[in-house]
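Atoms considered below: every heavy atom in the structure, side chains included; atoms not considered: hydrogens, waters and symmetry mates.
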Amino acid sequence: MLSRYLFLALLLSVPVLAQDDHVKSIETWRAARVGRLTAPDSWLTLVGRHLIAPGANTVGTAPDNSIRLAVGPPYLATVTLAADRTVTLTPAPSALLEVDGVSAHRPAGLAWQGDQPTRVTFGTANFYVMSRGENLYLRVRDTEAVNRAHFAGIDYFPIDPAWRIEAAWVPFDPVKQIPITNMIGVTEPAPVPGKAVFTYQGHTVELLPIDEGGDNLFFILTDLTAGEETYEASRFLYVPKPKPGETKVVLDFNRLQNPPCAFTAFATCPLPPKENRMPFRVTAGEKNYRGPH
């Protein structure tokens, strides 16, 4: 009889242990997320996004510069955008700066295509050239930025295993291209390899993820908490890609995270497609950021 009771006790404990594992996994993910947000190259370090006009653009903190920085010397350099979209940096005579870690005193090309743009460092700050649509911008970071120094932490909804939803995965063959518009109004096509389908509160939802080329699907989402408990524009969810032949994908909304634009005015976050605007409240994941923006 004792062994029967022991068996029942062990049987009843299995869901509790599984739930504990889920809670621990979310807590671990949250800690790693905060670590990334507070790193020296995080979104919290952004202090500028400046359009590069064709021709010569003087750069520095002095008010008469074409591009006025929030940090750095009065006159840092001149950034020249040529007709062929090549970009050249000419340091100011007295400026102390490095180009990809090497002290620079002469003109140098600034590569911006690819994953490793040329980085210009001065004091605690740095910038590089990025492309958004047809335009090029200087993205400026400062490791001592106010947002990073005064990071307020993240507020969350309670972890709830009910928001870990198993959805049907319907692959697209061929992959679809859908237009995605970002916060500065630039619209570009994005590859969508399939859709995640589930039903909640009588609503059948078909969410479209973007394939960014890594191991995860990238969902840009919003719901009826937006503008109140959560960031008004969107939240992001990353989900492991289903393997070929798999028909299910797990959407753990406890991992919904704020986009970079919730933390800084200098990010250019994508907005959700109409299919990803859920007509109910998703009370899971990160709440609106209460710190400086």
Are more than 12 heavy atoms from other residues, nucleotides or ligands located less than 6.0 Å from atom [atom1] of [X]?
| X | atom1 | result |
| --- | --- | --- |
| L96 | CG | no |
| Q201 | CD | yes |
| D115 | CG | no |
| E232 | CD | no |
| D215 | CG | no |
| R164 | CZ | no |

For the residue pair [X] and [Y], establish whether any side-chain heavy-atom pair is separated by less than 4.5 Å.
| X | Y | result |
| --- | --- | --- |
| R277 | L221 | no |
| T121 | L97 | no |
| V120 | E98 | no |
| E212 | I210 | yes |
| F263 | N258 | yes |

Taking [X] for its side chain and [Y] for its backbone only, find out whether a donor-acceptor pair lies under 3.5 Å.
| X | Y | value |
| --- | --- | --- |
| E246 | K243 | yes |
| R49 | A267 | yes |
| N276 | L207 | no |
| D142 | E144 | yes |
| T58 | S66 | yes |
| R148 | T143 | yes |
| W112 | R85 | yes |
| N65 | P74 | yes |
| T264 | C261 | no |
| D173 | P171 | no |

Non-hydrogen atoms of [X] and [Y] that approach each other most closely:
| X | Y | answer |
| --- | --- | --- |
| A62 | R68 | O-CG, 3.8 Å |
| V87 | V129 | CG1-CG2, 4.2 Å |
| L251 | A167 | CD1-CB, 3.9 Å |
| W29 | L256 | CH2-O, 4.2 Å |
| P272 | T222 | CG-CG2, 4.1 Å |
| V249 | A196 | CG1-CB, 3.8 Å |

Original post:
Centre of F157's six-membered ring, under 6.0 Å away, within 45 degrees of the axis: is that where NZ or CZ of K287 sits?
Top reply: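 Yes, K287 and F157 form such a contact.
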Check: On the ring face of Y156, is R30 found with NZ or CZ under 6.0 Å from the centre and within 45° of the axis?
Finding: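 Yes, R30 lies over the aromatic ring of Y156.
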How far does [atom1] of [X] sit from [atom2] of [Y], to the nearest 0.5 angstrom?
| X | Y | atom1 | atom2 | answer |
| --- | --- | --- | --- | --- |
| I220 | L271 | CD1 | CG | 8.0 Å |
| L37 | T45 | CG | OG1 | 10.5 Å |
| Q113 | S131 | CD | OG | 8.0 Å |
| E206 | K195 | CD | NZ | 3.5 Å |
| L110 | I52 | CG | CD1 | 8.0 Å |
| M130 | L136 | CE | CG | 9.5 Å |

Can a salt bridge be assigned to the pair [X] and [Y] using a cut-off of 4.0 Å between side-chain N and carboxylate O?
| X | Y | answer |
| --- | --- | --- |
| E286 | R33 | yes |
| R281 | E229 | yes |
| D211 | K241 | yes |
| R235 | D223 | yes |

Common cluster, [X]/[Y], ILVMFWY with side-chain heavy-atom separation under 4.5 Å:
| X | Y | value |
| --- | --- | --- |
| L208 | Y238 | yes |
| W169 | I165 | yes |
| L81 | L89 | yes |
| V192 | V239 | no |
| F266 | L69 | no |

Check whether the side chains of [X] and [Y] place a donor and an acceptor atom closer than 3.5 Å, and report yes or no.
| X | Y | answer |
| --- | --- | --- |
| T230 | N288 | no |
| R141 | N126 | no |
| D64 | Y75 | yes |

In terms of the angle between their ring planes, are Y200 and F280 parallel, tilted or perpendicular, with boundaries placed at 30° and 60°?
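Judged by the thresholds at 30° and 60°, the geometry between Y200 and F280 is tilted.
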Check: Taking the six-membered ring where the residue is Trp, are the ring centres of Y231 and Y289 under 6.0 Å apart?
Finding: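 Judged by ring-centre distance (under 6.0 Å), Y231 and Y289 do not meet the cut-off.
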Practice problem: Take T268 and N182 through the test side-chain hydrogen bond (donor to acceptor under 3.5 Å, both in side chains) and record every step on the way to the result. | Solution: CA-CA 6 Å; T268 54; N182 66 23; 4.8 Å; no
So which of F218, F219, W43, F253 actually passes ring pair (Phe, Tyr, Trp, His ring centres under 6.0 Å) with F236?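 By the ring pair (Phe, Tyr, Trp, His ring centres under 6.0 Å) criterion, F236 pairs with just one of F218, F219, W43, F253: F218.
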>> N57 vs H50, test: side-chain hydrogen bond (donor to acceptor under 3.5 Å, both in side chains). Steps then yes/no.
In response: CA-CA 10 Å; N57 300 263; H50 304 279; over 6 Å; no
